[in-house]
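Before any comments, here is the structure.
Model, not experiment: these values are computed from the prediction.
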Amino acid sequence: MLKKWSLLLCALVLVACTDSKHDPEDCAAVLCMAASDTLILYFYDTTESSNRLDDETIDATTIEIRDGNNAIVDYTVEGPTNLGKYIAVAVPAKPYGPKQLNITFEGGEPFTISFTTSLSDDSECCGPYTALDDIEATVYTLKPTVANLLPLNLTLLID
């Protein structure tokens, strides 16, 4: 009987000490977000109390977006959401690398949002997704973001 207990104890130790880092993820338990190469831009005042598209301080019909090659980039005005209206910009991920969006609107200073796109395939269950790194804006303050996968929400503080 003692031999059986010691064999059982050895089996339990062996099972408990296996390296679970190499076990595949249980993808049935993972909810994947839809892949969408869209950059979502919210325009707020510097106190973050008023959405500039909602209060019509910025007239969305006067917004023009151009890429780094000076080609016009299409966008849509969406919302309202709990954060108000926003601009949805399709980001051409490929070819991956540095990108910029030059944005103008009536009554405001022209500004640029620059970033680098790359392919993110970190998950065994979801993706691949387009990642954005080195996100910067000129002229206006860009609120920091912790996420870096598209679709990505960015908030610009416009005085």
Side-chain angles (χ1 to χ4, degrees), residues 20-159:
S20 63
K21 290 181 182 177
H22 298 299
D23 293 343
E25 290 183 42
D26 179 10
C27 292
V30 177
L31 294 174
C32 298
M33 67 179 185
S36 169
D37 287 343
T38 304
L39 188 59
I40 297 167
L41 302 176
Y42 287 96
F43 300 123
Y44 270 82
D45 66 352
T46 53
T47 65
E48 298 181 49
S49 61
S50 180
N51 180 309
R52 296 297 197 183
L53 295 173
D54 286 344
D55 68 15
E56 298 180 357
T57 305
I58 296 176
D59 180 356
T61 62
T62 67
I63 296 173
E64 182 176 85
I65 304 175
R66 293 185 176 267
D67 65 15
N69 297 321
N70 209 29
I72 292 180
V73 175
D74 291 330
Y75 68 89
T76 58
V77 179
E78 310 264 338
T81 65
N82 60 332
L83 297 175
K85 292 180 185 175
Y86 61 89
I87 302 294
V89 182
V91 175
K94 296 179 183 175
Y96 296 109
K99 305 236 185 293
Q100 70 180 35
L101 298 173
N102 302 308
I103 303 173
T104 60
F105 59 91
E106 188 175 294
E109 294 291 322
F111 67 99
T112 300
I113 298 175
S114 59
F115 49 88
T116 302
T117 59
S118 62
L119 182 65
S120 175
D121 195 12
D122 294 339
S123 174
E124 292 181 25
C125 299
C126 302
Y129 297 110
T130 301
L132 295 182
D133 294 304
D134 306 320
I135 306 167
E136 296 179 351
T138 61
V139 180
Y140 299 113
T141 303
L142 178 66
K143 275 186 66 175
T145 181
V146 291
N148 72 335
L149 299 178
L150 291 176
L152 181 64
N153 294 355
L154 295 179
T155 301
L156 289 141
L157 304 180
I158 299 175
D159 48 2

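Between the T38 side chain and the P151 main chain, no donor and acceptor come within less than 3.5 Å of each other.
Residues meeting the side chain to side chain donor-acceptor pair (under 3.5 Å) test with T104, sequence neighbours left out: none. Under the side-chain contact (heavy atoms from CB on, under 4.5 Å) criterion, P128 pairs with L119, D121, not counting sequence neighbours. Applying the side chain to side chain donor-acceptor pair (under 3.5 Å) criterion to T116, with sequence neighbours excluded, gives no partner residue. Applying the side-chain contact (heavy atoms from CB on, under 4.5 Å) test to T61 and every residue at least two apart in sequence or in another chain returns D59. Partners of A131 according to the side-chain contact (heavy atoms from CB on, under 4.5 Å) rule, which considers only residues two or more places apart in sequence or in another chain, are S118, S120, N148, L149.
Note that CG of N51 and OH of Y86 are 11.5 Å apart. Values are rounded to the nearest 0.5 Å. The distance from the OG1 atom of T57 to the CD1 atom of I158 is 9.5 Å, given to the nearest 0.5 Å. Taken to the nearest 0.5 Å, the CG atom of L157 stands 10.5 Å off from the OH atom of Y44.
L41 places a side-chain heavy atom less than 4.5 Å from the side chain of I113. Between L39 and L101 the shortest side-chain heavy-atom distance falls below 4.5 Å.
Residues in residues 136-159 take part in these ring-ring contact (aromatic ring centres under 6.0 Å, His included) pairs, two or more places apart or across chains: F111-Y140. Applying the salt bridge (Lys or Arg N to Asp or Glu O under 4.0 Å) test to pairs two or more places apart or on separate chains, none has a residue in residues 125-139. Counting only residues at least two apart or on different chains, no salt bridge (Lys or Arg N to Asp or Glu O under 4.0 Å) pair has a member in residues 99-119. For residues 31-49, the salt bridge (Lys or Arg N to Asp or Glu O under 4.0 Å) pairs, not counting sequence neighbours, are E48-K143. For residues 149-159, there are no side-chain hydrogen bond (donor to acceptor under 3.5 Å, both in side chains) pairs, not counting sequence neighbours. Sorted pairs that involve residues 46-66 and meet ring-ring contact (aromatic ring centres under 6.0 Å, His included), not counting sequence neighbours, are lacking altogether.
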Under 3.5 Å, sequence neighbours excluded: what are the donor-acceptor pairs made by side chains of residues 71-85?
unit_1: Y75; atom_1: OH; unit_2: A60; atom_2: O; d: 2.8
unit_1: Y75; atom_1: OH; unit_2: I63; atom_2: O; d: 2.8
unit_1: T76; atom_1: OG1; unit_2: E78; atom_2: OE2; d: 2.6
unit_1: T81; atom_1: OG1; unit_2: Y42; atom_2: OH; d: 3.3
unit_1: T81; atom_1: OG1; unit_2: L83; atom_2: N; d: 3.1
unit_1: T81; atom_1: OG1; unit_2: G84; atom_2: N; d: 3.4
unit_1: T81; atom_1: OG1; unit_2: G84; atom_2: O; d: 3.0

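Among the candidates I58, L53, I87, the single residue satisfying the side-chain contact (heavy atoms from CB on, under 4.5 Å) test with F105 is I58. Partner of T130 under the side-chain contact (heavy atoms from CB on, under 4.5 Å) criterion, out of L152, V91, L150: L150 alone.
Closest heavy-atom contact between P110 and V139: O-CG2, 3.4 Å. For the pair P95 and T117, the tightest heavy-atom approach, listed with the atom from each and the gap, is O-OG1, 4.1 Å.
If you check the gamma sulfurs of C32 and C125, they are not less than 2.5 Å from each other.
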